[in-house]
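Numbering of residues begins at 1 and proceeds along the displayed sequence. Predicted model only: the values in this text are computed from it and were never measured.
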Amino acid sequence: MNRTNLNLFVLFLFFGVYFGLDQLLFASVHSKMTSLLHNRTLGHMSTYGLSLLPLFIGALLLHPKDQDSLISKSGLNGSFISGLAIGALATLPMFIGYAFKFSLIKEPDFNSLMINTVSAGFFEELIFRAYFFGLVYRYTRLGFIPAILATSFVFALLHLYQSQDPVELALIFTTTFLGSVLFGWLYTEWRFNLWVPIALHILMNLAWMLFNVDDTAAGNWYANIFRFLTIAIVITLTVIKAKRMHGGLQVNRKTLWRKS
């Protein structure tokens, strides 16, 4: 078995172990950790941390002779300040636009805000962008398209709990699928600085939750105008950065399907 096939086997095996344990045990472990720590946010984050153990093992098994640490493999060694600055600048249209149209939530639940912004943004990017997409793309010869498709499909499926209406489900799936592709592309173009998609994910979720925008990820037309402006800004910033750096865009015709 060659290196690419071996790495793919390891990555998908341990992601499968993580996913199975997450579906079977997350709710019960979360309940116990919340009770133990007397805080729903800490219980949620600590449960997520425990659930990542199979992914840590899978990442450690990649290229056992190289010097990459888990931090560098994930992209958490990238610039936090850069990621925060890019995320803050890009999401300005959402915060400003929603402030004019929608009212602030009257009684914000701190735990819900933290779980659905900081915890969701950090751990979902760590799992789906850094591990499921990032390690497949970085440690195998698969190109961007095959590496991102499986990730985005699973990521979108996991958001379908938000509705029972078929049309709305289709919108939610499409929105989250394309969002996953965008975050994967940003992660790649910013030289695997995971703080870029993390900051964008957290701040987009925060704008969505601080105001009475919508109950699902699909959103209404007004909300999506400003979400699309945010996307346009972050894409523009990324392209400008790529043009100024030697080598240009990382995702190109040479890396779309299979890397040489």
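- When all heavy atoms are compared, the tightest approach of Ala88 to Leu203 is N-CD1, 3.5 Å.
- Between Ser180 and Ser152, the shortest heavy-atom distance links the atoms OG-OG, 3.0 Å.
- Residue Met33 is not grouped with residue Met114 when hydrophobic side chains (ILVMFWY) are merged at heavy-atom distances under 4.5 angstrom, including chains of intermediate members.
- Following chains of ILVMFWY side-chain contacts shorter than 4.5 Å, one can reach Phe56 starting from Phe19, so the two form part of one hydrophobic cluster.
- When all heavy atoms of Gly121 and Ile198 are compared, the pair lying nearest together is O-CG1, 4.1 Å.
- Between the side chain of Thr151 and the backbone N or O of Arg129 there is no donor-acceptor pair closer than 3.5 Å.
- With hydrophobic clusters built from ILVMFWY side chains whose heavy atoms lie under 4.5 angstrom apart, Met45 does not share a cluster with Leu36.
- Atom CG in Leu186 sits 10.0 Å away from atom CG in Leu237 (nearest 0.5 Å).
- Residue pairs meeting the side-chain hydrogen bond (donor to acceptor under 3.5 Å, both in side chains) criterion with at least one member in residues 44-55, sequence neighbours excluded: His44-Ser119.
- Here Asn111 contributes atom CG and Thr34 contributes atom OG1; the two are 8.5 Å apart, rounded to the nearest 0.5 Å.
- In this structure the side chain of Val196 never reaches within 4.5 angstrom of the side chain of Tyr187, judged on heavy atoms.
- In the hydrophobic clustering of ILVMFWY residues, with side-chain heavy atoms under 4.5 Å counting as a link, Val154 and Leu149 come out together.
- Aromatic ring centres of Phe128 and Phe123: separated by at least 6.0 Å.
- Between Ile240 and Lys243, every side-chain heavy-atom pair lies at or beyond the 4.5 Å cut-off.
- If you take CG on Leu135 and CG on Leu55, they are separated by 9.0 Å, rounding to the nearest 0.5 Å.
- The main-chain N or O of Ala232 is found under 3.5 Å from a side-chain atom of Thr236 such that the two form a donor-acceptor pair.
- No side-chain heavy atom of Leu8 sits less than 4.5 Å from a side-chain heavy atom of Tyr139.
- Closest approach of Val10 to Gly58, counting heavy atoms only: CG1-O, 3.6 Å.
- By the 4.5 Å heavy-atom criterion applied to side chains, Tyr137 and Thr188 are counted as neighbours.
- When side chains are defined from C-beta on, Trp208 counts as touching Arg227, because their heavy atoms get closer than 4.5 Å.
- Put simply, the side chain of Asn252 gets close to the backbone of Leu249: a donor and an acceptor are under 3.5 Å apart.
- Counting only heavy atoms from C-beta outward, the side chains of Leu182 and Leu178 never approach each other to under 4.5 Å.
- Smallest separation of non-hydrogen atoms from Pro54 and Leu21: CG-CD1, 4.1 Å.
- When atom types are taken as modelled, the side chain of Thr91 and the backbone of Met94 share no donor-acceptor pair closer than 3.5 angstrom.
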Going through the checks in order, is the side-chain contact (heavy atoms from CB on, under 4.5 Å) test met by Ile105 and Phe211? CA-CA 5 Å; Ile105 52 177; Phe211 300 93; over 6 Å; no
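- Ring-centre distance between Phe15 and Tyr18: below the 6.0 Å cut-off.
- Without hydrogens or angle criteria, Lys73 side chain to Ala59 main chain gives a donor-acceptor distance under 3.5 Å.
- At a threshold of 4.5 Å between non-hydrogen side-chain atoms, the residues Phe133 and Phe183 do not count as touching.
- In this structure, the side chain of Glu189 engages the main chain of Val251 through a donor-acceptor pair within 3.5 Å.
- Ring centroid separation for the pair Phe153 and Phe173 comes in under the 6.0 Å cut-off.
- Across all their heavy atoms, Leu25 and Ser28 have their closest contact at O-OG, 3.0 Å.
- Between atom CZ of residue Arg141 and atom OG1 of residue Thr255 there is a gap of 13.5 Å, rounded to the nearest 0.5 Å.
- Ile235 and Trp190 fall within the same hydrophobic cluster, defined by Ile, Leu, Val, Met, Phe, Trp and Tyr side-chain heavy atoms under 4.5 Å apart, directly or through other members.
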Show the numbers, then the answer: is there a side-chain contact (heavy atoms from CB on, under 4.5 Å) between Trp195 and Leu84? CA-CA 7 Å; Trp195 295 112; Leu84 183 60; over 6 Å; no
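- Put simply, the side chain of Lys259 gets close to the backbone of Leu142: a donor and an acceptor are under 3.5 Å apart.
- Atom CD1 in Ile127 sits 11.0 Å away from atom OH in Tyr131 (nearest 0.5 Å).
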Apply ring-ring contact (aromatic ring centres under 6.0 Å, His included) to residues Phe132 and Phe12 and explain how you reach the verdict. CA-CA 8 Å; Phe132 198 20; Phe12 279 90; 5.5 Å; yes
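- With 3.5 Å as the limit, one finds a donor-acceptor pair spanning the side chains of Asn212 and Ser103.
- For the side chain to side chain contact (heavy atoms under 4.5 Å, CB included) with Val136, the qualifying choice from Asn7, Leu11, Ile148 is Leu11, the only one to do so.
- For Leu42, the side chain to side chain contact (heavy atoms under 4.5 Å, CB included) partners are Leu37, Asn39, not counting sequence neighbours.
- For the atom pair CD1 of Ile225 and OG1 of Thr230, the computed distance is 12.5 Å after rounding to the nearest 0.5 Å.
- Side-chain contact between Trp257 and Pro146: present, with at least one pair of heavy atoms (C-beta onward) separated by less than 4.5 Å.
- Side-chain atoms of Thr238 come within 3.5 Å of backbone atoms of Val234 as a donor-acceptor pair (strictly under, hydrogens ignored).
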